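Not measured: the values here are computed from a predicted model.
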Amino acid sequence: MTDDAISGLSRSDPLAAVSPLDGRYASRTAPLSSYASEAALMRARTRVEVEYLLALGALDATPVAFDEAAEASLRGVYEEFSAEDARLIKDLEVDGAAGYAATNHDVKAVEYFLRVRLAELADAPDAPLADAESLYPWIHFGLTSEDVNNLAHRLLVKPAVSDVIVPAVREVRDALVELAHGHRDTPMLARTHGQPATPTTFGKEMAVYAARLGRALGRVVVANEDLSGKLAGASGTFAAHRAAYPEVDWRSFSASFVRGLELEYTPLATQVNPCDDLAALFDALRGVNNVLLDLDLDAWLYVSDRYLGQQTVEGETGSSTMPHKVNPIDFENSEGNLSKANSDLTFLTDYVTSSRLQRDLSDSTVKRNVGAALAHCLIGYSKAGDGLGKVVPNEAVMREELDATPEVIGEAVQTILRREGDTEAYERVKELSRGRSVTLDDFRELFDELDVDDDVREELKALSPAGYTGFADELVDEIDE
């Protein structure tokens, strides 16, 4: 196959995408585009630079000042950020544009972009700015690129998690809660170590996952709220700021500025933000993913054991050669994507918290992959949700399995006998059932031979696998709504 075979595809066509995130799964990852794309990062950097310029204008020490109309016009530069703006920034970086040579520096390109847009504002009818050129020295004043980048990245990650990732996880949790309540009293054989064990209910098992997912999601929400920004100059000392205006309390200015962006404040840093906050968020996301990976594996096994049937989709193919198959592909896709997400999140956690001495640039390219990690998370969540939406608990199969494994009441038998003071209760049931196929009749023969009161004998004879589920149905109500 040669390049000619795809020569008719444009680079923007999902079929030409190098990554499946922008190709096969483009429709599923689209909600993250506003937070994880190159254009989104350009817009976030522009926002930081504009807000910083406005903050400088509010200082009495600087000769910069803006009225309300000027402030609104400047904020409009990032609020109305367009594809044309993104292309101009890229041109300024790569090729040069608007009279500026190529910067080969993405943040410097944003600075020059703002010069271009400020000049346009000054030349516009009813110009909100009297003079653009006098403002040029104050764009990026005293900053290092990392001051802009660390804030811009967090301004993207925070809403990406709160507006896209968290709702997607909540949808999965809601589906689990619905299954839990709908099948709270559907008895099901449990398997510990893969072997028949004390019965449970399907609803209770789904409730376990819902509760775990809720707790894990809570940790994500907290970590996301704790994202913290830095603005302190080239080595984190405010040296350039203090040299220019020693009378200004730059530390208070920085704290107020960062918090004004709805981020926590990092007062101590090198040139780079230490990124412990991002590491905590990534680790919390891994916690969510681990719960869902566990669910994906169990759901797959339940489908394999026919405990779960799957709704068919008209016209859909399950297997290219076996027409009868309805494969659990949603759970398998979820498992694969969440595993990939966890690999990426682990790598990011380890990498972004390290920097040689006061700064090295290796993290810059790595942080561009945060969006990819979130995208694999999002695909995993949506696929798990799809899978849960298709499954149909097969109560008849669950009941047949319970009826075929009467030995699971052995725990109840020996516990009741212990209550009655039988010192050989465990051994008695073990001799009857361990490693052997037994029936309820076998148990009843044992009960007839026991030296117990008739009411105890009747209590034992009333035991059945399907009825031996403890408080499983009531435990479903432990889920926090």
Side-chain angles (χ1 to χ4, degrees), residues 20-21 24-25 27-29 32 164-180 182-183 186 188-194 200-220 282-313 316 318-319 325-346 372-394 397-398 476 479:
L21 299 176
R24 183 175 185 83
Y25 301 119
S27 63
R28 292 181 183 266
T29 61
L32 285 170
V164 180
I165 296 298
V166 169
V169 178
R170 284 191 175 132
E171 285 188 14
V172 179
R173 184 179 180 275
D174 288 346
L176 288 167
V177 170
E178 184 177 349
L179 282 170
H183 296 276
T186 301
M188 180 182 80
L189 184 69
R191 284 187 170 85
T192 58
H193 308 280
T200 180
T201 69
F202 181 75
K204 178 261 180 181
E205 298 311 308
M206 294 301 100
V208 170
Y209 280 114
R212 291 179 63 195
L213 194 57
R215 290 192 296 270
L217 185 58
R219 291 190 288 270
V220 170
F282 298 154
D283 192 57
L285 285 168
R286 287 183 62 247
V288 166
N289 295 351
N290 284 336
V291 173
L292 290 179
L293 280 166
D294 204 13
L295 170 68
D296 288 334
L297 292 171
D298 275 1
W300 190 96
L301 288 168
Y302 289 146
V303 171
S304 177
D305 289 340
R306 297 189 304 120
Y307 280 17
L308 292 179
Q310 296 179 98
Q311 295 174 352
T312 58
V313 178
E316 187 178 85
S319 167
K325 295 191 71 178
V326 183
N327 295 328
I329 57 173
D330 291 313
F331 296 115
E332 292 169 341
N333 269 263
S334 177
E335 178 187 347
N337 275 282
L338 293 177
S339 297
K340 178 64 167 65
N342 275 2
S343 175
D344 290 352
L345 291 167
T346 300
L374 295 181
H376 281 294
C377 289
L378 184 58
I379 297 169
Y381 305 153
S382 66
K383 286 289 188 177
D386 288 350
L388 291 174
K390 293 178 184 177
V391 296
V392 181
N394 194 331
V397 171
M398 294 181 191
V476 169
I479 307 171

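- Side-chain contact between Asn342 and Leu345: present, with at least one pair of heavy atoms (C-beta onward) separated by less than 4.5 Å.
- When atom types are taken as modelled, the side chain of Thr186 and the backbone of Phe202 share no donor-acceptor pair closer than 3.5 angstrom.
- Atom CD of Glu178 is surrounded by 12 or fewer heavy atoms from other residues, nucleotides or ligands within 6.0 Å.
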**Request:** In sequence, state the C-alpha distance, the side-chain angles, and the governing distance for Arg191 and Leu301, and then conclude on side chain to side chain contact (heavy atoms under 4.5 Å, CB included).
**Result:** CA-CA 11 Å; Arg191 284 187 170 85; Leu301 288 168; over 6 Å; no

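- A side chain to side chain contact (heavy atoms under 4.5 Å, CB included) with Leu213 is found for exactly one of Val177, Val291, Ile479, namely Val291.
- For the pair Leu179/Tyr209, no side-chain contact is recorded, criterion being any heavy-atom separation below 4.5 Å from C-beta on.
- Glu335 is listed as a side-chain neighbour of Leu293, based on a closest heavy-atom distance under 4.5 Å.
- Judged as a salt bridge (Lys or Arg N to Asp or Glu O under 4.0 Å), and not counting sequence neighbours, the contacts of Asp344 are Lys340.
- The two atoms that bring Ala384 and Asp296 nearest to each other are CB-OD1, 4.0 Å, heavy atoms only.
- Between the CG atom in Leu378 and the CG atom in Leu338 there is a gap of 10.5 Å [rounded to 0.5 Å].
- Smallest separation of non-hydrogen atoms from Gly214 and Arg173: CA-NE, 3.6 Å.
- Separating the OG1 atom in Thr200 from the CG atom in Leu189 is a distance of 10.0 Å, to the nearest 0.5 Å.
- Looking at Asp386 and Arg28, their side chains come closer than 4.5 Å, going by heavy atoms from C-beta outward.
- No donor-acceptor pair under 3.5 Å is formed between the side chain of Ser304 and the backbone N or O of Trp300.
- Counting only distance, with no hydrogens or angles, the side chain of Asn290 and the backbone of Arg286 share a donor-acceptor pair below 3.5 Å.
- Panel note: side chain Asn333, backbone Lys383; no donor-acceptor pair is recorded below 3.5 Å.
- Looking at heavy atoms from C-beta onward, Leu297 lies out of side-chain contact with Phe331 at the 4.5 angstrom threshold.
- For the pair Asn289 and Cys377, the tightest heavy-atom approach, listed with the atom from each and the gap, is ND2-SG, 3.4 Å.
- The side-chain heavy atoms of Glu205 and Met188, taken from C-beta on, include a pair separated by under 4.5 Å.
- Residues passing the salt bridge (Lys or Arg N to Asp or Glu O under 4.0 Å) test with Asp174, sequence neighbours excluded: none.
- Closest of all the heavy-atom pairs between Leu374 and Ile165 is O-CD1, 3.7 Å.
- The shortest side-chain heavy-atom distance between His376 and Leu21 falls under the 4.5 Å cut-off.
- Side-chain contact between Val397 and Asp305 is absent, with no heavy atoms from C-beta onward closer than 4.5 Å.
- Closest heavy-atom contact between Ala207 and Ala180: N-CB, 3.7 Å.
- Open room surrounds CZ on Arg24; 12 or fewer heavy atoms of other groups in view lie less than 6.0 Å from it.
- Between Tyr302 and Tyr307, the ring-plane angle classifies as parallel under the 30° and 60° cut-offs.
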